[in-house]
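Each remark here refers to the structure printed beneath this line.
One-based numbering along the sequence shown. Keep in mind that what you see is a predicted model, and the values were worked out from it rather than measured.
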Amino acid sequence: MTEVERITDPFKIVFPNLGWEFDVNPTAFTVFGVEIQWYGILITLGLILAMLYCFPKMKKFGIDPDRAIDAVIGGVIGGILGARIYYVLLRWDSYAGDWKSIFNFRGGGLAIYGGLIGAVVVGLIICKIRKVKMLPMLDIAVIGFLIGQGIGRWGNFVNQEAFGTNTDNLFAMTGGTIQQTIIDEAAYLDGSMYQAGIEISEKYAVHPCFLYESVWCLLGVVLLTLMIKRRKFDGQLFLTYLAWYGAERFVVEGLRTDSLMLGNMRASQALSAVLVVTAIILMIVMLFKVKRDPESFVLYVNTEESKKLLEEAANRAKSDLEDDDEEQSCKILEDDDTDAEESEKSEEENKQEEKENGTDN
């Protein structure tokens, strides 16, 4: 392995084998003394792009976007809470006795799997309340998950975190914060990497795990989008997502140096293995059933119920548009009447003024 230079600037990031260097401050800007982090901006951007991409496609799954918006909002809230709860539970030793730190989201500490669990649980509860079909909703939601994950992972790049062990591959990276983290956590007895038995040195570059996951997730967006018209049953995209993301996470988690541990196991790696195996088995079983009895598996978008709901939604939108047009027309007529009254008043004032001028003369 080729040694890299010692970097003292905490904001400097280098990809030595590509000849790339970046200076990135994790703080984007400050508003009234509050620092706005790039990490938060990127997560928000990922969420917005996911919604912009997925909402127009909901009708392809037989879902009324107006009904689904409540489930989406609930899923976002559930995702944030789930990500925090999952992280805190697996790092309980760091939070026990300090309850305030549990609610300090700005201090970092969110776990993607916890976020996914929270988003799915809360989102499905609201789907039940709002009478939105769960499996079609999951199918479109997972495309949004991949977009959010693909964009949000660049927050790890900015913060120089979630990196892997030493490597000399083409995309190997290093940085001032990365090197200092390795020194603090791997060179001392009380360091988390040292205690986990991870062999790593700040003298060499590391795996850019954020990049691997970002690229894989965005490729997943393409894959699932291509599968929309080829679905054989509702829930197929959801199972594909579990297998696709789980496979990547199983591999990449094995490279990371900051894994959440469950005893001697990497929690996310173990969960990924379970998800991949379960998803593949369910996929095979469902495809076998569809092949054997295709008439029993009609996509929700092709059902009379879905068509009726979408027709009602279209009529409602048309009615709202007509009401807006009528309101706008009434406003224009009112403005015209007002202008006419002002014009008549102005003419009367002019005549009165001419009359008074004639009298004076």
Side-chain angles (χ1 to χ4, degrees), residues 1-30 35-46 48-50 108 110 112 146-188 191-194 196 198-223 244-245 247-259 266 268-269:
M1 256 182 226
T2 305
E3 290 193 13
V4 296
E5 63 173 328
R6 180 72 173 95
I7 301 173
T8 56
D9 182 354
F11 301 147
K12 187 175 181 180
I13 302 173
V14 179
F15 289 81
N17 296 332
L18 293 171
W20 295 347
E21 293 188 8
F22 304 92
D23 287 303
V24 186
N25 189 330
T27 300
F29 52 88
T30 302
E35 294 183 345
I36 307 301
Q37 304 295 314
W38 277 114
Y39 189 88
I41 292 174
L42 288 166
I43 289 178
T44 303
L45 176 62
I48 292 172
L49 291 177
L110 299 175
I112 283 184
L146 287 172
I147 293 173
Q149 291 169 254
I151 302 299
R153 272 301 178 192
W154 284 84
N156 298 138
F157 163 74
V158 172
N159 289 348
Q160 299 186 46
E161 61 189 4
F163 53 84
T165 52
N166 293 132
T167 183
D168 202 25
N169 71 26
L170 179 63
F171 298 102
M173 68 179 293
T174 187
T177 297
I178 290 174
Q179 292 181 359
Q180 191 58 52
T181 299
I182 293 173
I183 292 172
D184 294 340
E185 302 298 334
Y188 300 102
S192 59
M193 296 181 194
Y194 184 93
I198 296 174
E199 296 183 3
I200 186 172
S201 171
E202 80 283 0
K203 296 180 180 179
Y204 306 104
V206 297
H207 284 285
C209 293
F210 83 92
L211 181 60
Y212 302 155
E213 184 155 329
S214 178
V215 172
W216 190 257
C217 287
L218 295 179
L219 286 175
V221 173
V222 177
L223 172 66
W244 179 265
Y245 178 65
E248 173 272 325
R249 190 62 188 269
F250 179 84
V251 174
V252 173
E253 192 69 25
L255 299 175
R256 286 179 56 168
T257 58
D258 62 342
S259 297
R266 296 173 185 258
S268 293
Q269 195 171 38

Calculate, to the nearest 0.5 Å, the distance between atoms CD1 and SG belonging to I112 and C217 respectively.
7.0 Å

Output for pair (T174 OG1, N17 CG), nearest 0.5 Å, gives 11.5 Å

OH of Y188: more than 12 outside heavy atoms within 6.0 angstrom?
no

Quick check against the 3.5 Å criterion: does D184 have a side-chain atom that pairs as donor or acceptor with the backbone of G191?
no

Got a donor-acceptor contact below 3.5 angstrom from the Q160 side chain to the I178 backbone?
yes

Would you check if the side chain of N166 reaches a backbone N or O of A205 as a donor-acceptor pair within less than 3.5 Å?
yes

H207 side chain reached by F171 side chain, heavy atoms, under 4.5 Å:
no

Value for CZ (F210) from CD (E161), rounded to nearest 0.5 Å, stands at 11.0 Å

Find the distance between CD1 (I41) and CD1 (I151) and round it off to the nearest 0.5 Å.
14.0 Å

What pair of heavy atoms forms the shortest contact from R249 to S268, and how long is it?
NH2-OG, 3.6 Å

What is the minimum heavy-atom distance between P208 and M173, and which atoms define it?
CB-SD, 3.5 Å

Side-chain donor-acceptor contact under 3.5 Å, S259 with E253
yes

From E199 CD over to Y194 OH, what is the distance, rounded to the nearest 0.5 angstrom?
10.5 Å

To the nearest 0.5 Å, atom CD1 of I43 lies from atom CD1 of I48 at 12.0 Å

For residues 205-214, which residue pairs qualify under salt bridge (Lys or Arg N to Asp or Glu O under 4.0 Å), counting only residues two or more places apart or in two chains?
R153-E213

How close do C209 and R256 get, heavy atom to heavy atom, and via which atoms?
SG-CG, 3.6 Å

Specify the closest pair of heavy atoms between T177 and P10, including all atoms of both residues, with the distance to one decimal.
OG1-O, 2.7 Å

Any side-chain heavy-atom pair from I198 and T165 closer than 4.5 angstrom?
yes

Using the side chain to side chain contact (heavy atoms under 4.5 Å, CB included) rule, take L211 and F157 through it: C-alpha gap first, then chi angles, then the decisive distance, then the call.
CA-CA 8 Å; L211 181 60; F157 163 74; over 6 Å; no

Is there side-chain contact between F11 and P26, with heavy atoms separated by less than 4.5 Å?
yes

Show me the side-chain donor-acceptor pairs of residues 1-8 shorter than 3.5 Å, one per line, residues at least two apart or across chains.
unit_1 : atom_1 : unit_2 : atom_2 : d
R6     : NH1    : Q179   : OE1    : 3.0
R6     : NH2    : Q180   : OE1    : 3.3

Between W38 and T27, a side-chain donor and acceptor under 3.5 Å
no

Relative to each other, are the rings of W244 and W216 parallel, tilted or perpendicular (30° and 60° limits)?
parallel

Can you sort out the partners of D168 under salt bridge (Lys or Arg N to Asp or Glu O under 4.0 Å), two or more places apart, ordered by chain and number?
none

Please walk me through it: do T257 and F163 pass side chain to side chain contact (heavy atoms under 4.5 Å, CB included)?
CA-CA 7 Å; T257 58; F163 53 84; 3.5 Å; yes

Considering non-hydrogen atoms only, spot the tightest contact between S214 and G150 and give its length.
OG-O, 2.6 Å

Pair T30, I36 - check side chain to side chain contact (heavy atoms under 4.5 Å, CB included), show working.
CA-CA 6 Å; T30 302; I36 307 301; over 6 Å; no

Criterion side chain to side chain contact (heavy atoms under 4.5 Å, CB included) on V206 and I200, from CA distance to verdict
CA-CA 9 Å; V206 297; I200 186 172; 4.0 Å; yes

